[in-house]
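What follows is a set of notes on a single structure, which appears directly below.
For ligands, and for the atoms within them, numbers begin at 1 and follow the listed sequence. Both backbone and side-chain heavy atoms feed into the values below; hydrogens, waters and symmetry mates do not.
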Amino acid sequence: MSQTGFQDRVAIVTGAARGMGEAVSRRLVAEGAKVCLVDRDPEALYRVADSLGERTHAIVADVTAPEQIEAFVAGTVERWGRIDMLHNNAGVTGRSGPALDSTLDDLDFVFAVNFRAAFVAIKAAAMHMTEGASIVNMSSLFGIRAAPGMGLYGASKAAVIGLTKTLAVELAPRGIRVNSVAPGAIETDLLRSSNAALHVPGGPSYDEKLKSMPMGRAGTPEEAANLIVWLLGPESTFVSGAVYQIDGARGA
Ligand SMILES: NC(=O)c1ccc[n+]([C@@H]2O[C@H](COP(=O)([O-])OP(=O)(O)OC[C@H]3O[C@@H](n4cnc5c(N)ncnc54)[C@H](O)[C@@H]3O)[C@@H](O)[C@H]2O)c1
């Protein structure tokens with residue numbers, strides 16, 4: 001369904017080269033927005049940008065580097081003069097296994113990508129945002145429930161929810177909304193690789209795991225994008241500080 005009010009609004013989407021970030025970017029461009037696409041993978045990023053055309057601006061950046069985040073925020077303002085939407089989507093699962101087997105380097109890495117990057121990006125972008133702007137931070141069902149085998153990932157996604165709620169309150173007087181989405185299984189490279197990492201010999205296969213879920217399948221990146229774009233856009237103006245699960249009833 002097409003939404004109104006995206007024409008010439010400016011968005012930044014991190015992790016835009018594939019998966020949900022790509023789906024959100026495609027949808028935003030289709031709605032008439034201009035999108036700064038950010039990813040650390042240049043080849044995949046330029047492929048997405050080329051297919052979307054001149055309403056996109058691709059910036060290769062690693063979100064673990066705060067100065068690279070500041071550079072893509074500045075680059076967006078330089079190119080289009082404003083920032084209306086920020087989707088902090090780039091994420092990694094980190095090393096799988098029991099949480100207490102993780103090293104401090106494992107912890108720092110997963111928090112740097114999944115949590116610190118969102119904080120730095122909001123800090124840099126919020127000063128350019130005005131009334132009506134919207135921020136959506138990517139959490140996970142594992143940020144709400146236990147995540148055995150992916151404990152630090154879950155903890156980083158729980159931290160995203162905490163940041164979302166506080167900033168929603170603190171930025172509300174400026175008319176800036178901040179929300180979070182918490183997907184269950186969404187059919188992307190990340191889901192496939194994390195399932196492979198957690199697979200135990202003789203355990204259920206990827207397909208068997210999906211079949212055992214309430215809807216018998218994973219969600220599609222486009223289904224997730226429907227929710228995220230609604231939260232980013234002008235039809236959700238009284239929604240802020242929320243955490244939306246999108247999981248086909250898996251977390252029910
Ligand atoms: N797929 C799922 O089932 C699922 C469930 C819950 C939450 N999530 C979250 O959704 C978000 C998107 O996941 P996806 O499944 O679309 O993953 P994906 O692996 O398909 O895409 C993630 C993108 O982020 C980019 N990225 C990773 N680290 C980066 C970095 N340091 N700097 C810049 N770019 C970086 C990757 O290059 C990739 O293009 C992630 O935050 C993930 O944790 C995914």
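Under the side-chain contact (heavy atoms from CB on, under 4.5 Å) criterion, Ser140 pairs with Phe142, Tyr153, Lys157, not counting sequence neighbours. Every residue two or more places apart in sequence or in another chain that forms a side-chain contact (heavy atoms from CB on, under 4.5 Å) with Glu43 is listed here: Asp41, Arg47.
For Asn89, the heavy-atom gap to ligand 1 drops under 4.0 angstrom. Ligand 1 lies within reach of Lys157, whose nearest heavy atom is under 4.0 Å from it.
When non-hydrogen atoms are compared, ligand 1 lies under 4.0 Å from the backbone of Ala90 as well as from its side chain. Contacts between Val92 and ligand 1, counted as non-hydrogen atom pairs separated by less than 4.0 Å, involve the side chain only. Counting heavy atoms under 4.0 Å from ligand 1, residue Tyr153 touches it through the side chain alone. Both the backbone and the side chain of Arg40 come within 4.0 Å of ligand 1, judged by heavy-atom distances. Using a 4.0 Å cut-off between heavy atoms, Ser139 contacts ligand 1 through its backbone alone, with no side-chain atom that close.
A donor-acceptor pair is defined here as one N or O able to donate and one able to accept, closer than 3.5 Å; no such pair exists between the side chain of Asp84 and the backbone of Ala133. In this structure a side-chain-to-backbone donor-acceptor pair under 3.5 Å is present from Ser236 to Leu231. Between the Thr188 side chain and the Arg18 main chain, no donor and acceptor come within less than 3.5 Å of each other. Proximity of a side-chain donor or acceptor of Asp247 to a complementary backbone N or O of Pro183 within less than 3.5 Å is not detected.
Side-chain contact, Asp62 with Thr64: a donor N or O sits under 3.5 Å from an acceptor N or O.
Glu54 has no carboxylate O lying under 4.0 Å from a charged side-chain N of Lys34, or vice versa, which leaves the two without a salt bridge.
Given atom 9 (C) of ligand 1, the protein heavy atom at minimum distance is Met138 CG, 3.4 Å. What sits closest to atom 24 (O) of ligand 1 on the protein, heavy atoms only, is Gly15 CA, 3.4 Å. Of the protein's heavy atoms, Gly91 O, 4.3 Å lies nearest to atom 22 (C) of ligand 1. The nearest heavy-atom contact from the protein to atom 15 (O) of ligand 1 is Thr188 OG1, 2.5 Å. Regarding atom 19 (O) of ligand 1, its nearest protein heavy-atom neighbour is Leu190 CB, 3.4 Å. Considering only non-hydrogen protein atoms, atom 32 (N) of ligand 1 sits nearest to Val63 N, 2.9 Å. Among protein heavy atoms, the minimum distance from atom 3 (O) of ligand 1 is reached at Ile186 N, 2.8 Å. For atom 37 (O) of ligand 1, the nearest non-hydrogen atom of the protein is Asp39 OD1, 2.6 Å.
In this structure the side chain of Leu191 never reaches within 4.5 angstrom of the side chain of Ile186, judged on heavy atoms. You'll find the side chain of Leu28 reaches within 4.5 Å of the side chain of Val13, heavy atoms only.
The shortest N or O to N or O distance between Gly184 and ligand 1 is below 3.5 Å.
For CD of Glu78, the number of neighbouring non-hydrogen atoms (other residues, nucleotides, ligands) closer than 6.0 Å is 12 at most. Shown here is Lys165, whose NZ atom has no more than 12 heavy atoms of other residues, nucleotides or ligands within 6.0 Å. Open room surrounds CZ on Phe119; 12 or fewer heavy atoms of other groups in view lie less than 6.0 Å from it.
Close contacts of ligand 1 with Ala185, meaning ligand atoms under 4.0 Å from a residue heavy atom, involve 3 (O). Residue contact check: Ala17 has heavy atoms under 4.0 Å from atoms 39 (O) of ligand 1. Atom numbering of ligand 1 starts at 1 in the shown order; those under 4.0 Å from a heavy atom of Gly19 are 16 (O), 20 (O). Listed by number with element, the atoms of ligand 1 under 4.0 Å from a non-hydrogen atom of Pro183 are 5 (C), 6 (C), 7 (C). Taking every non-hydrogen atom of Asp62 and a distance limit under 4.0 Å, the qualifying atoms of ligand 1 come out as 30 (C), 31 (N), 32 (N).
Nearest-heavy-atom check against atom 16 (O) of ligand 1 across Arg18, Met20, Glu22 picks out Met20. Across the listed options Pro221, Ala61, Ala44, Pro42, Ala61 owns the non-hydrogen atom lying nearest to atom 33 (C) of ligand 1.
Atom CG of residue Leu152 and atom CG of residue Asp108 lie 10.0 Å apart, to the nearest 0.5 angstrom.
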